[in-house]
Amino acid sequence: MYKIIGFPRTRAMRVMWLLEELGETYDVDPALPQSDAARALNPSGKVPILLEGDTAITESVAICTYLADKHGRFTFPAGTLDRAKQDSFTQFGVDVLEGALWTAAKNTFINPEDQRAPAVKDVCRYEFARGLETLEARLGDGPYVMGEAFTIADIIIGHCSGWAVAAKFDLPKEGPVYDYFKRLRNRPAFKAMMARVNEGA
């Protein structure tokens, strides 16, 4: 059984979603970011953290990449052009979509009040909207970013869509990106993950 350290309504959702897709059992210690439990395993205090034996793996993308590679599912093999394309979508999700959301969050409630720049949130919304335009341009004819194959890139981008709703960022109400996000939310593993999140994991 895997163990995740991290409050479920954080990037821990990404790891939970992947483990649901993999059909693996897992336990969640709902430690908050910057808590003693989080800092004991990650000096930055960020969650999630995956415990694998005596090793603590930090950063949600690294955790998802490790799990997908280990189980040989929801990823293309390292060193292939498909993997390079998949990784480019993952990095797009982290850099463009998450980057805008994370900057807005830091300037809303994370950074000390005297270190916040509230006006930057409008810039973040603009950058996020531009990112969605790029995503639409990059989406192909398949149901997922890599065509027929669902990958961890979809998990990262899909998680950002839920984060956007919570942050009151605009999402498309129709069109290819709307349909894409709807397909992700309709996956049984996503629904199972959300059920655990809503139950407190």
Side-chain angles (χ1 to χ4, degrees), residues 1-29 31 38 41-42 44 46-99 101-102 131 134-135 138-164 177 180-197 201:
M1 177 184 290
Y2 289 104
K3 182 162 188 179
I4 302 168
I5 309 296
F7 187 66
R9 291 190 181 277
T10 63
R11 295 178 185 90
M13 295 171 74
R14 298 170 173 177
V15 182
M16 294 169 64
W17 183 357
L18 177 55
L19 287 171
E20 292 287 351
E21 295 279 0
L22 291 168
E24 295 290 326
T25 57
Y26 61 95
D27 186 35
V28 179
D29 175 351
L41 294 166
N42 185 0
S44 75
K46 288 175 62 178
V47 297
I49 302 156
L50 180 74
L51 291 183
E52 178 78 286
D54 295 329
T55 300
I57 307 170
T58 63
E59 304 297 336
S60 62
V61 174
I63 295 169
C64 288
T65 300
Y66 164 72
L67 290 171
D69 283 339
K70 176 181 176 181
H71 291 277
R73 297 177 65 200
F74 308 117
T75 188
F76 286 88
T80 64
L81 289 174
D82 280 334
R83 176 61 171 265
K85 182 179 177 183
Q86 172 194 311
D87 287 346
S88 78
F89 273 110
T90 301
Q91 293 304 315
F92 163 80
V94 172
D95 181 42
V96 178
L97 302 181
E98 179 181 325
L101 293 162
W102 182 230
T134 301
L135 177 60
R138 292 188 66 184
L139 282 174
D141 296 329
Y144 305 112
V145 295
M146 290 298 295
E148 294 297 323
F150 175 83
T151 66
I152 57 174
D154 297 298
I155 289 177
I156 303 305
I157 294 171
H159 172 257
C160 287
S161 74
W163 187 348
V177 173
Y180 167 63
F181 288 150
K182 185 176 180 180
R183 279 192 294 275
L184 296 181
R185 291 193 304 272
N186 282 334
R187 289 184 67 84
F190 176 85
K191 293 180 178 180
M193 176 273 292
M194 286 304 303
R196 289 195 63 165
V197 168

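Throughout, residue positions are numbered sequentially from 1 according to the sequence presented.
With salt bridges taken as basic N to acidic carboxylate O contacts below 4.0 Å, none links E20 and R187.
I157 and G93 get closest at one heavy-atom pair: CG1-CA, 4.1 Å. Here the shortest heavy-atom pairing between L50 and L67 reads CD2-CD2, 3.9 Å. When every heavy atom of V145 is checked against every heavy atom of A153, the shortest pair comes out as CG2-CB, 4.0 Å.
Here D29 pairs with nothing under the side-chain hydrogen bond (donor to acceptor under 3.5 Å, both in side chains) rule; sequence neighbours left out. In this view, F74 and F150 satisfy the ring pair (Phe, Tyr, Trp, His ring centres under 6.0 Å) rule, not counting sequence neighbours. By the side-chain contact (heavy atoms from CB on, under 4.5 Å) test, A68 pairs with T75, I152, sequence neighbours left out. With sequence neighbours excluded, the residues forming a side-chain contact (heavy atoms from CB on, under 4.5 Å) with S60 are R11, R14, P48, listed by chain and number. Considering only residues two or more places apart in sequence or on other chains, E59 meets the salt bridge (Lys or Arg N to Asp or Glu O under 4.0 Å) condition with K46. With sequence neighbours left out, W163 forms a ring pair (Phe, Tyr, Trp, His ring centres under 6.0 Å) with H159. Judged as a side-chain contact (heavy atoms from CB on, under 4.5 Å), and not counting sequence neighbours, Q91 has no contacts. Evaluation of the side-chain hydrogen bond (donor to acceptor under 3.5 Å, both in side chains) rule for R138 yields S88 as partners, not counting sequence neighbours. Not a single side-chain contact (heavy atoms from CB on, under 4.5 Å) links D141 to another residue, sequence neighbours left out.
The side chain to side chain donor-acceptor pair (under 3.5 Å) analysis of residues 145-156, with sequence neighbours excluded, yields the pairs D154-Y180. Among pairs with a residue in residues 75-99, none fulfils ring-ring contact (aromatic ring centres under 6.0 Å, His included), at least two apart in sequence or across chains. Pairs passing the salt bridge (charged side-chain N to carboxylate O under 4.0 Å, His left out) check and including a residue from residues 61-82, sequence neighbours excluded, read E52-K70, D69-R83.
One finds the OG1 atom of T58 at 7.0 Å from the CD1 atom of I63 (value rounded to the nearest 0.5 Å).
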Requested in this report: Show your working on side chain to side chain contact (heavy atoms under 4.5 Å, CB included) between Y66 and T55 and close with a plain yes or no.
Outcome: CA-CA 13 Å; Y66 164 72; T55 300; over 6 Å; no

